[in-house]
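Order of the sequence lines fixes the chain letters, A, B, ..., with proteins taken first and strands second; residue numbering starts at 1 for each chain.
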Number of protein chains: 2
Amino acid sequence: MRAQAILRRELEAETLTPRGLTINDFETLLHLSKAEGQRLRRTDLVGRLMLTPSGVTRLLEGLNEAGLTENHECDGDARVTWAQLTSAGAETLECVGVNHTKRLRSLFRGTLSEDEVAQLSELLGRLPGVGPGSCAG
Amino acid sequence: MRAQAILRRELEAETLTPRGLTINDFETLLHLSKAEGQRLRRTDLVGRLMLTPSGVTRLLEGLNEAGLTENHECDGDARVTWAQLTSAGAETLECVGVNHTKRLRSLFRGTLSEDEVAQLSELLGRLPGVGPGSCAG
DNA sequence: CTAGAGTAGTTGAGCACTCAAAGTTTACCA
DNA sequence: TGGTAAACTTTGAGTGCTCAACTACTCTAG
């Protein structure tokens, strides 16, 4: 638990904070960019980011304000509002993402081999309440 | 990173929150109980809990208020104030600790074998910025 | 013995999140 | 068809932490 806290902080400071982004901001952009139509419902993000619904509301608030995402109504279900990646969002994701994943990899390389990373990922993935694919590497 | 977040929340809700404790409260008590004289300096806790000095100040504020720890001056260095475990603190640690570690173990058992836990711990321990012994098992 | 650097700790402001409660829309079933 | 349960989301209040700036003490070198 502690390991993650410090690693997270380090990564965040490295490339994200200078652009005013948090890890969850970054991962939101990442998830959106991978999603069909580059958009996701709030509930989808709740699952993917492991936040509460209100947490997602606040997160998107900031992202919308920064122009990196947009709200879109859903025809057919007035309850849901899509979070849609804007071109500005895709752009900053590209800039940040390259540095971020580069930094991430370089942190793991040297201490952990390719196999060990896979092993770690497998073990972590088997922990209760945690499905696979919750890692943004 | 996500794995830890949800695991932490689950464990916290299980046995800690009912007593008004957070994970860090618990770990503070644990570290104090293991320390010589059952007391530690603020700086020691900064290292052990991976918090900032101000975080530790706030943490101890609550623990002191609850009567689980006490401040003690240090003869010989007026800068430091010890965080001292009280008997009430030791008592609640005992009550909570049993359930907490029991719950922790049962979460790991079934999904991870003894060897795998050791393996996971070893891999995690090699991550940069993370010394050994940062796990409160 | 004094100036500077270093160490220990606190404080105020702010942030990212949580919980509980609510509003709104949709689905299901008698 | 109407009523109730469920799904999706927001809001207000509160929490645990961080950062930056600060005070207070101690050590070391000249």
B/L60: which of B/L45, B/T81, B/D25, B/L68 passes side chain to side chain contact (heavy atoms under 4.5 Å, CB included): B/L45

Phosphate-side-chain proximity, A/R41 and D/dC8, N/O vs OP1/OP2 below 4.0 Å: yes

Short side-chain to backbone donor-acceptor contact, B/T69 and B/A83, under 3.5 Å: no

Nearest to side-chain heavy atoms of A/T52, which nucleotide of D/dT26, D/dC17, C/dC19: C/dC19

5' priority, DNA chain C, between B/V56 and A/G76 [closest heavy atom]: B/V56

Whole-Å gap separating P (D/dC25) and CG (B/D75): 15 Å

d(CZ, A/R42; P, D/dA7) in whole Å: 19 Å

Distance, rounded to the nearest Å, where B/L45 contributes CG and D/dC17 contributes P: 12 Å

d(CD, B/E61; P, D/dT15) in whole Å: 12 Å

Shortest side-chain distance from A/R79, nucleotide among C/dC17, D/dC8, D/dT26: D/dC8

B/Q38 side-chain N/O to B/S87 backbone N/O, donor-acceptor pair under 3.5 Å: no

Phosphate OP1/OP2 of C/dA16: any A/T22 side-chain N/O under 4.0 Å: no

B/N24 side chain near D/dC17 phosphate (N/O to OP1/OP2, under 4.0 Å): yes

Any donor-acceptor N/O pair under 3.5 Å between C/dC19 base and A/S54 side chain: yes

Atom-to-atom span, CG of B/N64 to P of C/dG9 - whole angstrom: 13 Å

Other residues, nucleotides, ligands: >12 heavy atoms within 6.0 Å of B/E122 CD: yes

Candidates C/dC17, C/dA8, C/dT25 - which lies nearest the side chain of B/V80: C/dA8

Qualifying salt bridge (charged side-chain N to carboxylate O under 4.0 Å, His left out) pairs, either residue in residues 53-71 of chain B, two or more places apart: none

Touch class at under 4.0 angstrom, heavy-atom based, for A/T43 against every strand present: sugar-phosphate

Whole-Å distance separating the CG atom of A/L51 from the P atom of C/dC15: 18 Å

D/dT15 base / B/R58 side chain donor-acceptor hit below 3.5 Å: no

Length of the line joining B/E73:CD and C/dA8:P, which is rounded to integer Å: 17 Å

Gap between atoms CG and C1', on A/L60 and C/dC17 respectively (whole Å): 15 Å

